[in-house]
Every structure is written in structure tokens, then in C-alpha cells.
Amino acid sequence: MKIRKIGIIGGGVAGTALGYYLSLYENAEITIFEKDRIGCGSTAKSAGTVCLFDDSLSNRYWDVRLYGFETYRKMEEEEKGSAGFDQTGTLVVATNEEVEQVIRTGIALAKAAGYQGEYITDKARIQQILPDIDTEHILGAGYTKDDGYFDGTMISNTYARKLKENGGKILTMTKVIELLKENGKVIGLKTEDGTSYAFDYVVDCTGPWSRITGNMAGIDVPVWHTKAEAFFLSPPGKKLDYVFPVLKYPAFYALRAGDNIFICKSHLSMDLNNPMHAGNWNPDEIPATGGTDEYFIEFLFEQLETTVPGILDSGLVSSWLSYRAETKDFLPILGETPVEGYLVASGYGGNGIIEAPAASRDLAKYIMTGEKTPLLEDWAFMRLVERA
Ligand SMILES: Cc1cc2nc3c(=O)[nH]c(=O)nc-3n(C[C@H](O)[C@H](O)[C@H](O)COP(=O)(O)OP(=O)(O)OC[C@H]3O[C@@H](n4cnc5c(N)ncnc54)[C@H](O)[C@@H]3O)c2cc1C
């Protein structure tokens, strides 16, 4: 059996999941290069919601969502804490009939997979689940009890550990500075300490850094940054006396984070043409905490005023800024690129935790067998080049 050598740049959820799925093939020899620590990039700043349904990823990709949820649930079952699961349930609010229809479909799909789900129009019942919600301007809400949120960094470290158990290598604090080419084909890479490595494939899993690494391959990876600004609120009275579910409105979402509430503008409500929302920035300049804009907290407080007024009196305990790597159609880039030997698994935007298991499973299969799944066809690099 011919050995295939694969170098992965980036040790976030995308790189570690891919490394793990590749390591299930006996003839794969895998090395991950991470310039910092495992799961410390946008993965560390993630909310980690993997809900059985919501509006963040269209129902067309329901199987991707379900596979992601079930993968992490099993990971957590195997070893408690390895995926950082907090089963709070999810409440998705219907603000108009169109959203209501999407929710009803999502509930039916969750039930078809054997999970609990209900679409609730009884407002008293909605308030039982979330006492601080204002139900006046809503039609109803979908509720799934079995899901919640996970921890992207724990997941990445679990994938990394499993990869090592299967013989894969991980080099942390090792920055890739050059892609080595021969006759236009990428044949390896060079790291900051001057070492060169030969590979059959190099896979770029650097998320928000992909334009920089893409330049090393000589191409423009079409991802933009959207500002992911997360704010942590301390509710009045400090401890909530109920389980705050993952709460999804079209423009924002909230979830519990210990005794605090995490709130963030939803990624699909970001406008790639608005310089306040999107641009091309340097991800290395993001501070560990803070760095947020007044605009986002004002926007979120305005939203809370009409939706969850009960937590509006909260104090702001901390905040952070991160960049999501988004494409023009808000779907990832997966697989081959115009440069032979250089593949990309990036542009996961606001859904990388949900999408990484299914996308990495399919990309690993492509690398090891040459077979493309429908997901690889849907999320091909070339769809974005043709539209440009
Ligand atoms: C506030 C926020 C909330 C989110 N909420 C959710 C959610 O609820 N559900 C969901 O599914 N997704 C969510 N996301 C999205 C999700 O977190 C991302 O899509 C996902 O983490 C991206 O993973 P990644 O591995 O592609 O990128 P990253 O985690 O950023 O990893 C890229 C890695 O590449 C490394 N790197 C870069 N350049 C080099 C180099 N030259 N050499 C070596 N290493 C390099 C970096 O150090 C980094 O560790 C959220 C994101 C944010 C910011």
C-alpha cells in the first residue's frame, strides 16, 4: 500500500479533525504544524453551539449538523469533558412565518433522528423554559432538549490526542513560513526554524490566516473576516435560577457561560460589504480579551431590550474579538485548489464546530481514495472563482 504523506497547517478544530480522520487510514502519514497551541485560534473564542437545529446552517446540510452533534456527543460519552458538552437545550425563536417554517422543518428533522423536539406556540410554556424572554412579538419557538454547546478547544485537543494514538505527529509552536514547489506543484513546506518537510499533499487549515498561507502557494484564498465580538454579561442577582438554553434569534444568539451569559451577533447577519462587519485584518493582532467595538454591544443591548429584557440589567464582565473566516456564500472551502498538491479546508465562518467532523471525514476520504462526496462538490474552491 502506497504511503501518503500529508502536512496540515493549523491545529484548530479544522486541522485536528482532519488529522484524526486521516489517521484512520493505515497508509496515511500525518503531521500537523501549529504556530501556537492546539485549539487556540478562532476555535478558542467560539461559542461552540452545535444545536440539533437552528438557522446558522441551512437544512440542506442537516446531515452535516447531525453528524457533528453525534460525533461530539459520543466523544463526551467516551470520556466526560473531552468535548466540553453542556446540555442546556436550544430555543429558536420564530419572529415571522418564514422563520417559523424553517423551525418546524428543523424540529421534524431532529425528531426523525430520534431526538426530542417541539414547536411551541403556548407563550406561557416558552416562558417556563426561558422566564426572562418577552413573548409579545414572537409567533412561537422551537425547543430541542438534548443539545447545547461544546468546547472547541477541548474537542481539538481530543482529536489531537487520538491522532497521536494512531501514529500522527503534532508540532506546536512551529510556524510554516514557506510552501515548497516543483513545476507548479506544492511538494512540501518549510518552518520558521529552517526545517523542510516533503509531502504528497499540504492542507491549509488556517481559518482566518488562509489568505496569508494561500499567498505562499501563490493563490488568493477567497475568505473575508467578519468580526465575531462576544460579550459576557453577569445577570442581575448573579446566579440565574433556571438553565439558560442556547437562545437563537435571527440577528443574535445567547447561551450560558458558567454564571454569565455569552451574547454575539449571528454570523449570517453580518454584511460582507459593510466595513464595520467585514474586511481583511491581521488575526495576529487580536488581543486575548477586549478589542471590541461600541457598535456591537449597542446593537446587542438594543436587541435584548425587545427580546430578553430580563437580562438587560446585567453588568458587562468581559468581551473578546475574533475573526470568522467567511466566504461570499457563507459556506466553507473544501478540497483541491488551482495549485496541485495544495488543498484547503477553511472558510468555516460561524459554523466550524458543527461542520468540522463531516467535512474532515469527507476530505480525508478524498485525499486517501480520490473519491469526491457531494459535500466536496458543493464546497469546492472553484465555485467561488467562477462567481468572482
Ligand atoms: C465568537 C465566535 C463564536 C462562534 N460560535 C460558533 C458556534 O456556536 N458553532 C460553530 O459551529 N462555530 C462557531 N464559531 C466558528 C468556529 O469557531 C470556527 O469556524 C472554527 O473554530 C474555525 O476553526 P479553524 O480550525 O478553521 O480555525 P482556527 O481555530 O482559527 O485555527 C487555525 C490555526 O492555524 C494556525 N496557523 C495560522 N497560520 C499558521 C502558520 N503559518 N503555521 C502554523 N500554524 C498556523 C493558528 O495559530 C490557528 O490555531 C464561532 C466563532 C467565533 C469567533
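Hydrogens, waters and symmetry mates are skipped; everything else that's a heavy atom, side chains included, is used. Numbering of ligands and ligand atoms starts at 1, following listing order. Owing to the predicted nature of the structure, the values given are computational and were not obtained by experimental measurement.
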Please confirm whether Gly349 approaches ligand 1 to less than 4.0 Å, judged on its heavy atoms.
yes
Can you see whether Phe199 has Lys5 sitting over its ring - NZ or CZ less than 6.0 Å from the centre and within 45° of the normal?
no
Taking atom CD of Gln303 as the centre, report whether more than 12 heavy atoms of other residues, nucleotides or ligands fall under 6.0 Å from it.
yes
Filtering Gly41, Gly11, Ala47 for the heavy atom nearest atom 4 (C) of ligand 1 leaves Ala47
Is it true that the NZ or CZ of Arg361 lies under 6.0 Å from the centre of Tyr67's six-membered ring and within 45 degrees of the ring axis?
yes
Answer whether the closest heavy-atom distance between the side chains of Tyr119 and Glu100 falls below 4.5 Å.
yes
For Ala228, the ligand 1 atoms whose distance to one of its heavy atoms is below 4.0 Å
1 (C), 52 (C), 53 (C)
Determine yes or no for a side-chain-to-main-chain donor-acceptor pair under 3.5 angstrom, with Lys248 supplying the side chain and Phe53 the backbone.
no
Considering only the protein, which heavy-atom contact is closest to atom 31 (O) of ligand 1, and what is its distance?
Gly12 CA, 3.6 Å
Tyr61 and Asn351 side chains, donor-acceptor separation under 3.5 Å:
no
If I apply the N/O under 3.5 Å rule, does Val13 come out as touching ligand 1?
yes
In ligand 1, the atoms that come under 4.0 Å of a heavy atom of Ile9 are 40 (C), 42 (N), 43 (C)
Just going by heavy-atom distances, which of Cys51, Gly350, Pro283 is nearest to atom 13 (C) of ligand 1?
Gly350
Within a distance under 4.0 Å of any heavy atom of Thr174, pick out the atoms of ligand 1 and give their elements.
43 (C)
Pair Arg65 + Asp147: basic N to acidic O under 4.0 Å
no
Enter the distance from Leu363:CG to Tyr201:OH here, rounded to the nearest 0.5 Å.
10.0 Å
Under 4.0 angstrom from ligand 1, any heavy atom of Ser346?
no
Looking only at protein heavy atoms, what sits closest to atom 41 (N) of ligand 1 is Val176 O, 3.0 Å
Residue Ile353 vicinity, atoms of ligand 1 by number, heavy atom under 4.0 Å
10 (C), 11 (O), 12 (N)
With respect to atom 37 (C) of ligand 1, which of Trp209, Phe231, Phe150 exhibits the smallest heavy-atom separation?
Trp209
State the atoms of ligand 1, each with its element, that fall below the 4.0 Å cut-off from a heavy-atom position in Tyr253.
3 (C), 4 (C), 5 (N)
Against heavy atoms of Cys205, which atoms of ligand 1 measure under 4.0 Å?
32 (C)
Suppose I only count heavy atoms of Thr43 and a 4.0 Å limit; which atoms of ligand 1 are within that range?
20 (C), 21 (O), 23 (O), 25 (O), 28 (P), 29 (O)
Using side-chain heavy atoms (C-beta onward) and a distance below 4.5 Å, is Leu247 in contact with Val308?
yes
Can you sort out which atoms of ligand 1 are near Tyr348, meaning under 4.0 Å from one of its heavy atoms?
19 (O), 26 (O)
Could a heavy atom of Thr191 be found less than 4.0 Å from some atom of ligand 1?
no
Identify which of Ile354, Thr153, Ile155, Leu179 has a heavy atom lying nearest to atom 11 (O) of ligand 1.
Ile354
Residue Glu165 excluded, over 12 heavy atoms near CD under 6.0 Å:
yes
Filtering Glu34, Lys35, Glu229 for the heavy atom nearest atom 35 (C) of ligand 1 leaves Glu34
In terms of residue, atom name and distance, what is the protein heavy atom nearest to atom 26 (O) of ligand 1?
Ala14 CB, 3.5 Å
What do you reckon, does Tyr149 put a non-hydrogen atom under 4.0 Å from ligand 1?
no
for atom 14 (N) of ligand 1, nearest protein heavy atom and its distance come out as Ser46 OG, 3.4 Å
Does Phe296 have Lys265 sitting over its ring (NZ/CZ under 6.0 Å from centre, angle to axis within 45°)?
no
Rounding to 0.5 Å, atoms OH (Tyr21) and CG (Asn166) come to a distance of 12.0 Å
